[in-house]
Amino acid sequence: MLKFLKMMLKVFTYIVIIPCAVVIFCLIISLKIQDDRLYQARWDESFRADREQFPNLEQPIFYFSRRHGGDWGVWVVVYPLNAKTKQEFLNQWQKSEAKTVEHIECIQPTVKKRWKTWHSNIHYVVSDPWFKLPRQERVRDSFIVFGSEKQIKTVEQACQEPMFKKIEKAKPYYNNYWAIAEKQKLLLSVNGFY
């Protein structure tokens, strides 16, 4: 009887558990690949729109994304700010409703990070003392970095600047904007997704 149960357990393991585990693993891999493709499409669209607005832009040095809840959030492309792009930005800034703001969509210093996909990592930051719940601490102000993380310290320093010059993007890019961090010489392109 005991041999029969052991044999049935082996058969069940080989026929049910192992194939289910393989299917689940393949599904997770597929979702990670799909996630990377979605973000790459967002970056490409953002880069194209930024180039239309500022033709002298250099290549981006940093990409990050933050979810504010559910399926909505922002993705941010960070560019080095050369003299021509800065002049174009300031000309547009003066022509539009010139805004200088204290806060933009930015990052805080990382406490820990975790692998998300082949091209991205999730970075966790220190939360305010009022939000010490485990889920809140894990999610609040965390962000996802795509590609290289070499410039993360530069972007963190730029985010500490007290004021930013900001231009709202024209239609169809509602609630999106460009901002410059003058001390670190960076242009941030902020784009919402829903």
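The pair Glu88-Lys84 does not count as a salt bridge, with every side-chain nitrogen at least 4.0 angstrom from each carboxylate oxygen.
Side-chain contact of Gln92 with Gln53: a donor-acceptor pair under 3.5 Å is present, judged by distance alone. With hydrogens and angles left out, the side-chain atoms of Thr85 and Asn56 include no donor and acceptor closer than 3.5 Å.
Looking at Leu187 and Phe89, their side chains come closer than 4.5 Å, going by heavy atoms from C-beta outward. A heavy-atom distance below 4.5 Å is not found between the side chains of Pro19 and Ile15. Side-chain contact check for Ile107 versus Phe62: some heavy-atom pair is nearer than 4.5 Å. Considering only heavy atoms from C-beta on, Val101 stays 4.5 Å or farther from Met163 through its side chain. For the pair Gln59 and Tyr79, the minimum side-chain heavy-atom distance is 4.5 Å or more. When side chains are defined from C-beta on, Val78 does not count as touching Tyr63, because their heavy atoms never get closer than 4.5 Å.
Glu182 meets the salt bridge (Lys or Arg N to Asp or Glu O under 4.0 Å) test with Lys86, Lys165; sequence neighbours excluded. Listed by chain and residue number, Trp178 satisfy the ring pair (Phe, Tyr, Trp, His ring centres under 6.0 Å) test with Phe54 (two or more places apart in sequence, or in another chain).
Within the model, atoms CG of Leu186 and SG of Cys159 stand 8.5 Å from one another, a figure rounded to the nearest 0.5 Å. Separation of atoms CD (Gln87) and CG (Leu81) is listed at 10.5 Å; rounding is to 0.5 Å. Interatomic distance, Leu57 CG to Ser189 OG, rounded to the nearest 0.5 Å: 8.5 Å. Rounded to the nearest 0.5 Å, atoms CD1 (Ile28) and CD1 (Ile33) are 12.5 Å apart. Atoms CD and CD, on Glu102 and Glu161 in that order, are 13.0 Å from each other to the nearest 0.5 Å. In this structure, Lys166 NZ and Ser96 OG are separated by 11.0 Å, a value rounded to the nearest 0.5 Å.
At a threshold of 4.5 Å between side-chain heavy atoms, the hydrophobic network of Ile, Leu, Val, Met, Phe, Trp and Tyr places Ile17 and Val11 in one connected group. The hydrophobic clustering, which links ILVMFWY residues whose side-chain heavy atoms are closer than 4.5 Å, places Met7 and Leu9 apart.
Glu105 approaches Val74 most closely through the heavy-atom pair CG-CG2, 3.2 Å. When all heavy atoms of Phe164 and Ala181 are compared, the pair lying nearest together is CE2-CB, 4.0 Å. When all heavy atoms of Lys183 and Pro162 are compared, the pair lying nearest together is NZ-CD, 4.3 Å.
Remark: of the listed residues Val190, Ile180, Val76, Leu188, Leu188 is the sole one forming a side-chain contact (heavy atoms from CB on, under 4.5 Å) with Ile104.
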